[in-house]
Amino acid sequence: MKNWLMKSEPSVYSIDHLAAEGRTLWSGVRNYQARNFMVQSMAIGDRVLFYHSNADPPGIAGLMRVSGAARPDPSQFDAHSEGYEPRAKRSAPVWQCVEVEFVAKAGRFVSLEELRAQSSLAKMELLRKGSRLSIQPVTPAEMAAVLKLVRIKVQRFKG
DNA sequence: GCCAACGTTGGC
DNA sequence: GCCAACGTTGGC
């Protein structure tokens, strides 16, 4: 079981949207490295931190779990979508997305500033200067540290 | 709104 | 294959 962090702008799609829906397709990713993580490395059951980017303040808002394997991102075929991809064909999609399901809201929202203050997270990809990856791997130690900060019990993953 | 850092595109 | 120009991300 791997650990991940995925970013979303809460004004577009927040942890509350996911909590209300239960599950969603993580569509709209248009970065090859992020796509490759979803296609090559993610598996059902993987744990994912939900990060609110471009927010005031930005930070960890909750937790989700990968509930469906990567599949073609439908928005790439929609000419009216911002994510429209003219190069994509039904038979040769360019972009993929996984399905994720809600696990828990952070018991306490943990801001980027607070994450930066943790020495245990010093090497976290999210905190690297200039880091923009919207889907990134998280080490088990980093995940444990963040779950403690947001006050989510690991038990919540089981079942 | 600003802008640093980064990714992508396209001319050569 | 190089790299300048451009577009995007995302913190501040």
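Note that this is a predicted model, so its numbers are computed, not measured. Throughout, a chain's letter reflects where its sequence line sits, starting with A, and its residues are numbered from 1.
- Of the two residues contacting DNA chain B, namely A:K129 and A:Y32, the nearest-nucleotide position lying further toward the 5' end is that of A:K129.
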Q) How does protein contact run along nucleotides 7-12 of chain C, one letter per nucleotide 5' to 3', with B for base contact, S for sugar-phosphate only, - for none, heavy atoms under 4.0 Å? A) BBBBBS
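- With DNA chain B read from its 5' end, the first of the two nearest nucleotides for A:G130 and A:R87 is the one closest to A:G130.
- Between A:F50 and A:Y13, the ring planes are parallel. Angles under 30° get that label, and only those over 60° would be called perpendicular.
- With contacts defined as side-chain heavy-atom distances shorter than 4.5 Å, the pair A:M64/A:V48 qualifies.
- Remark: A:R23 is not positioned above the aromatic ring of A:F102, lacking an NZ or CZ atom under 6.0 angstrom from the ring centre and at most 45 degrees off the axis.
- Within the 4.5 Å cutoff, no side-chain heavy atoms of A:E99 are placed close to those of A:T24.
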Q: Could you give me the CA-CA distance, side-chain angles and deciding distance for A:R128 and A:E125, then say whether salt bridge (charged side-chain N to carboxylate O under 4.0 Å, His left out) is met?
A: CA-CA 5 Å; A:R128 241 192 58 242; A:E125 166 67 21; 2.8 Å; yes
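- Contact annotation: the side chain of A:P137 never approaches that of A:E142 to less than 4.5 Å [non-hydrogen atoms, C-beta and beyond].
- Counting heavy atoms from C-beta outward, A:L49 and A:L63 have side chains that approach closer than 4.5 Å.
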Q. Should A:R108 and A:E114 be marked as a salt bridge (charged side-chain N to carboxylate O under 4.0 Å, His left out) after you check the CA-CA gap, both sets of side-chain angles, and the distance that decides it?
A. CA-CA 12 Å; A:R108 193 175 69 88; A:E114 187 175 352; 2.8 Å; yes
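- In DNA chain C, stems built from 3 or more consecutive Watson-Crick or G-U wobble pairs, each with both distances under 3.5 Å, span B:1-12 with C:1-12.
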